[in-house]
**Student:** 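Let me begin by handing over the structure; questions about it come next.
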Amino acid sequence: MAATITDRLFTTRIASGRLLYKLYFIAFIAGIFSLCYYRLTHIPSDHPILWLLVSLAEFWFAATWVFQQGFRWAPTFHVTYPDRLPSNLPPVDLFVCTADPDREPPMLVADTLLSLMAYDYDANKLAFYLSDDGGSELTFHAIYQASLFAKHWLPFCRKYKVEPPAPQAYFSAENMDVGGGCQSFRRDYDLVKAKFEEMQNRIKIVGKSKKVPEVTRRGHKGFREWDSEINPRDHQTILVVLLQGNGKDVDVEGKPMPTLVYVSREKRSGHPHHYKAGALNALNRVSSLMSNAPLILNVDCDMHSNNSQALRDAVCFFLDPKEGHRIGYVQFPQSFNGVTKNDLYANGVKRIYEIEFFGTNAHNGPMYAGTGSVHRRESLNGRKFDPNFPIKLEDKSVKGSKNWTELEEKAKELIRCDYEMGKPWGKEMGVMYGCAVEDVFSGLVFHSRGWQSVFCSPERKAYLGLAPVNTNDTLIQHKRWSTGSLEIFLSDYCPWTHGVGRLKLGQIMCYSFYTLWALWCLPMLCYALIPPLAMANGISLFPQVTDPWFKVFASLGIASHIFSLGELMWAKGTIKMWWNETRMWMMKGSSSYLFSVIVIILKSVGISETGFEITSKVINQEALKRYNQEIMEFAVPSPMFIPTTTLSLLNLYCLLQTTPKILEVGLGGLDHLALQLIISGYISIISMPLYEALFLRKDKGRMPTSVTTYSITLAFLVFYLSSFVM
Ligand SMILES: O=c1ccn([C@@H]2O[C@H](COP(=O)(O)OP(=O)(O)O[C@H]3O[C@H](CO)[C@@H](O)[C@H](O)[C@H]3O)[C@@H](O)[C@H]2O)c(=O)[nH]1
Ligand SMILES: [Mn+2]
């Protein structure tokens, strides 16, 4: 193999079997055209509006299928060669965000931080910045404890190449990888484990009592910031250097430790803080003063590193002699811990990160996903890519001995709540403001400035995170995502206007798919409302079984289902996972996306603002039990449930109402309603868990009575109104 070694640090391969895919594509697109032709040439005279609405829904399904070709056309994989990396690697600044000690337990944040600190990388070149938008002493305490434990953890990881480098996962009972090892390993293991448990206990006790003991508080001057109580939405600037890099702080083996800084930017009522985007920009400025590494990795506090080599993989892309200068950021997949076997809520997002993102590699790379991404500081800070003037990855980092007290004071000035006034932050510089999915928005802006990104998916998962574990959190998360996505489409950076000439066609298609997510609610509502109601009123909107056009509808329906199932199975999914995913797609479509469209309309008339609702990362034991048994959790009287439950009840009712007629006339007599029966039957079967939660279950996770009452009333109302209109 030696002969094939070149200086390239990564190579690219396009998936095989594309000819087969192209044949499928041609057949499917032919089906779409036939369907459109049928819809346009067979408009009935008695119910043209219903026909038109169903046709528009189908047109939109077809359009999203076309956008999706951006992901499907040419899946492209990258292979890195970290063993070819030079010994002198570029410095990296690492940003971790947290925002709420109740929803994001401090122990989780400490664990994530420790996992990142254990990267196989020269500690002198790493600087960690933790942003705490909760301004919480409990979080600060946990980070302080982590900085002490790191003195044991880092040498241990270095010596034994520990994987996963997250202590909580590594020392958990489920981790079978620890093995026997030599005697010295056992001794070190026991010692470090004991230290870890001590730290965990301290954090736990403080978490319970919500108070840091006086003795501990005296251990670090940073605690003085909390001498008087702090309101997370209104407080002074807090910035504490916990570990001084460049050899000042050393571990138990006397080796240098990375820099570690706790940051909680100033918050005052009346000053917008721009949520996570604002936090990242604050860290950007602080880090530029204290370390100024040319690369920036950002990670959410709920995603720990699972692969101590991943950072080296990322660096391969930036240092590659041929393509490196074009790359603005490297995106790792988001993978999740503890997702159930069949991924009950489809939050494992396998389809996005194990299928679709490979397709984006073919045209300038993936969207920025907010966590697990390494950015070039220059592109983050607004610089355009110019192929004629390639910028080398320059190391302009702050080196040598530093006056930390002075740096602390200067850095505090950069994170005052009025610092950004009149400055280009959030517009031309840094992460973009004004959108609930600051990540995808910013990625789009970087792409339109000419930068490429790459999707890097090493065999050993780079990060493992927490996904929502109940229906309400899932629907709220998707509401945020689809609202933010639509905000992007409606912004000045719309892929259809600003993107033209700046983005590749495939890229525009991918961005169209994501940014128009929310609009899916319209065809979904049409399809879940009109066919069943029309059926109940004896109106046919589809070709009858004996009509040759029936075959077009049937083939498109069957083909798209088989394809999406096959794709998920290829990504090592299960049939049940696909079924769950389909159900969640319908639920998100009819709830999250519908609410997004409403929110956007209200925002455009100035009635509401979009924000960032943080997902809770805690779950109670009883709910966890149900989650592990894959029983859907409703429990809270959330308005998010009402549209979905109403539609599923309506479909069931229409189905039950039509069944006696079938029995009367025999199936043949309902030939003209066959497809409508199938649609309602399909919706009813997939809604089984909803019916159980509404009517059969007795546990605490069942549907609250208020939701049941509202949904039943609404379903009947819609049903009776329809009989007047139709
Ligand atoms: O005011 C805020 C709100 C949130 N966060 C942090 O943002 C991160 C993501 O929040 P989370 O509640 O976990 O949302 P998710 O839906 O899991 O996040 C996904 O979607 C977000 C965009 O909506 C992206 O920023 C994330 O990277 C992506 O993982 C967390 O670390 C939070 O601490 C802040 O720092 N400040
Ligand atoms: Mn998250």
Side-chain angles (χ1 to χ4, degrees), residues 96-100 102-105 107-109 111-112 115 164 166 168-169 172 174 276 299-306 331-357 367 369-373 436-437 439-440 457 461-482 484-485 514 517 568 571-574 576-585 587-588 591-592 612-620 623-636 638 640 689 701:
V96 179
C97 288
T98 186
D100 180 342
D102 296 326
R103 285 165 176 256
E104 305 179 325
M107 185 57 219
L108 176 84
V109 186
D111 189 60
T112 298
S115 74
Q168 210 155 225
S172 77
E174 288 100 64
K276 183 182 165 190
V299 181
D300 290 344
C301 65
D302 59 357
M303 283 242 149
H304 69 74
S305 158
N306 183 57
Q331 178 65 55
F332 288 95
Q334 293 199 12
S335 311
F336 295 93
N337 238 341
V339 164
T340 58
K341 184 165 162 272
N342 302 301
D343 195 2
L344 182 59
Y345 300 112
N347 284 332
V349 283
K350 245 181 184 316
R351 200 176 288 281
I352 297 184
Y353 293 108
E354 290 176 41
I355 300 167
E356 293 178 348
F357 263 33
M367 294 77 207
T371 175
S373 29
V437 287
D439 45 359
V440 179
S457 186
K461 294 197 157 101
Y463 301 95
L464 281 177
L466 296 179
V469 284
N470 62 57
T471 317
N472 191 40
D473 278 350
T474 304
L475 294 178
I476 289 181
Q477 185 188 50
H478 280 268
K479 185 182 93 183
R480 163 156 45 83
W481 287 351
S482 52
S485 303
Y514 279 140
W517 247 358
L568 202 64
K572 302 197 180 68
T574 63
K576 227 173 157 187
M577 186 184 281
W578 168 77
W579 191 238
N580 288 337
E581 187 197 39
T582 313
R583 177 184 315 110
M584 287 315 298
W585 174 67
M587 294 183 67
K588 288 172 209 164
S591 284
S592 312
F612 193 124
E613 285 168 85
I614 301 166
T615 316
S616 177
K617 281 98 189 167
V618 279
I619 178 170
N620 68 47
L624 182 66
K625 215 168 130 198
R626 283 191 290 272
Y627 177 62
N628 287 328
Q629 293 171 336
E630 304 204 312
I631 300 172
M632 289 185 89
E633 184 81 4
F634 297 94
V636 287
S638 165
M640 298 298 290

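Both backbone and side-chain heavy atoms feed into the values below; hydrogens, waters and symmetry mates do not.
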**Student:** Would you indicate whether the side-chain heavy atoms of Met367 and Asp439 approach each other to under 4.5 Å?
**Tutor:** no
**Student:** Quick one: side-chain contact (heavy atoms from CB on, under 4.5 Å) partners of Ser591, sequence neighbours excluded?
**Tutor:** Leu475, Pro643, Thr644
**Student:** Distance from Asp111 atom CG to His304 atom NE2, nearest 0.5 Å?
**Tutor:** 6.0 Å
**Student:** Please evaluate residues Val440 and Ser485 with respect to the criterion side-chain contact (heavy atoms from CB on, under 4.5 Å), reporting the C-alpha separation (whole Å), side-chain torsions for both, the decisive distance (0.1 Å), and the verdict.
**Tutor:** CA-CA 8 Å; Val440 179; Ser485 303; 5.8 Å; no
**Student:** Flag the pair Thr471 / Tyr345 as yes when at least one side-chain heavy-atom distance between them is below 4.5 Å, and no otherwise.
**Tutor:** yes
**Student:** Could you report the tightest heavy-atom contact between Lys479 and Glu613, atom names first, then the distance?
**Tutor:** NZ-OE2, 3.6 Å
**Student:** With a 4.5 Å cut-off on side-chain heavy atoms, are Arg626 and Met632 touching?
**Tutor:** no
**Student:** If the condition is side-chain contact (heavy atoms from CB on, under 4.5 Å), which residues does Ala369 pass it with, not counting sequence neighbours?
**Tutor:** Gln331, Gln334, Tyr353
**Student:** Please identify each residue that fulfils side-chain contact (heavy atoms from CB on, under 4.5 Å) with Asp302, with sequence neighbours left out.
**Tutor:** Leu108, Asp300, Leu466, Lys617
**Student:** Do the rings of Phe357 and Tyr514 sit parallel, tilted or perpendicular, given the 30° and 60° boundaries?
**Tutor:** perpendicular
**Student:** Step by step, would you call Thr474 with Asn347 a side chain to side chain donor-acceptor pair (under 3.5 Å)?
**Tutor:** CA-CA 8 Å; Thr474 304; Asn347 284 332; 3.0 Å; yes
**Student:** Ignoring hydrogens and angles, tell me if any N or O in the side chain of Ser115 forms a donor-acceptor pair with the backbone of Ala166 under 3.5 Å.
**Tutor:** no
**Student:** To the nearest 0.5 Å, how far apart are CD1 in Ile355 and CG in Leu568?
**Tutor:** 5.5 Å
**Student:** Side chains of Thr574 and Asn342: donor-acceptor distance under 3.5 Å anywhere?
**Tutor:** yes
**Student:** Kindly give the heavy-atom pair with the smallest separation between Thr112 and Met303, and that separation in Å.
**Tutor:** CG2-O, 3.3 Å
**Student:** Heavy-atom distance under 4.5 Å between the side chains of Leu464 and Pro164, does that happen here?
**Tutor:** no
**Student:** For Thr98 and Cys301, work out which heavy atoms get closest and say how close.
**Tutor:** OG1-SG, 3.7 Å
**Student:** So do the side chains of Tyr463 and Thr371 get within less than 4.5 Å of each other, counting heavy atoms only?
**Tutor:** no
**Student:** Using modelled atom types only, decide if a donor and an acceptor are shared between the side chain of Lys341 and the backbone of Asn628 within a distance under 3.5 Å.
**Tutor:** no
**Student:** Which heavy atom of Asp343 sits nearest to which heavy atom of Gly348, and what is that distance?
**Tutor:** OD2-N, 2.9 Å
**Student:** Could you tell me if the side chain of Ser592 sits less than 4.5 Å from the side chain of Met640, heavy atoms only?
**Tutor:** yes
**Student:** Distance check, rounded to the nearest 0.5 Å: Ile476 atom CD1 versus Ser638 atom OG?
**Tutor:** 5.5 Å
**Student:** Are side-chain heavy atoms of Val469 and Glu633 found at a separation under 4.5 Å?
**Tutor:** no
**Student:** Ignoring hydrogens, what is the shortest heavy-atom contact between Phe634 and Pro689? Give both atom names and the distance.
**Tutor:** CE1-O, 4.4 Å
**Student:** Run Lys350 and Glu581 through salt bridge (Lys or Arg N to Asp or Glu O under 4.0 Å) and show every step you take.
**Tutor:** CA-CA 10 Å; Lys350 245 181 184 316; Glu581 187 197 39; over 6 Å; no
**Student:** Under 4.0 Å between a side-chain nitrogen and a carboxylate oxygen: does that hold for Arg351 and Glu356?
**Tutor:** no
**Student:** To the nearest 0.5 angstrom, please state how far the CG atom of Leu624 sits from the CG atom of Asn470.
**Tutor:** 11.5 Å
**Student:** Considering all heavy atoms of both residues, which atom of Gln477 and which atom of Pro468 are nearest to each other, and what is their separation?
**Tutor:** OE1-CG, 3.5 Å
**Student:** Report yes if the side chains of Thr582 and Met587 come closer than 4.5 Å at any heavy-atom pair, otherwise no.
**Tutor:** no
**Student:** Inspect the contact between Glu354 and Lys572 and indicate whether a charged nitrogen and a carboxylate oxygen are less than 4.0 angstrom apart.
**Tutor:** no
**Student:** Once rounded to the nearest 0.5 Å, what's the spacing between atom OG of Ser335 and atom NZ of Lys461?
**Tutor:** 5.0 Å
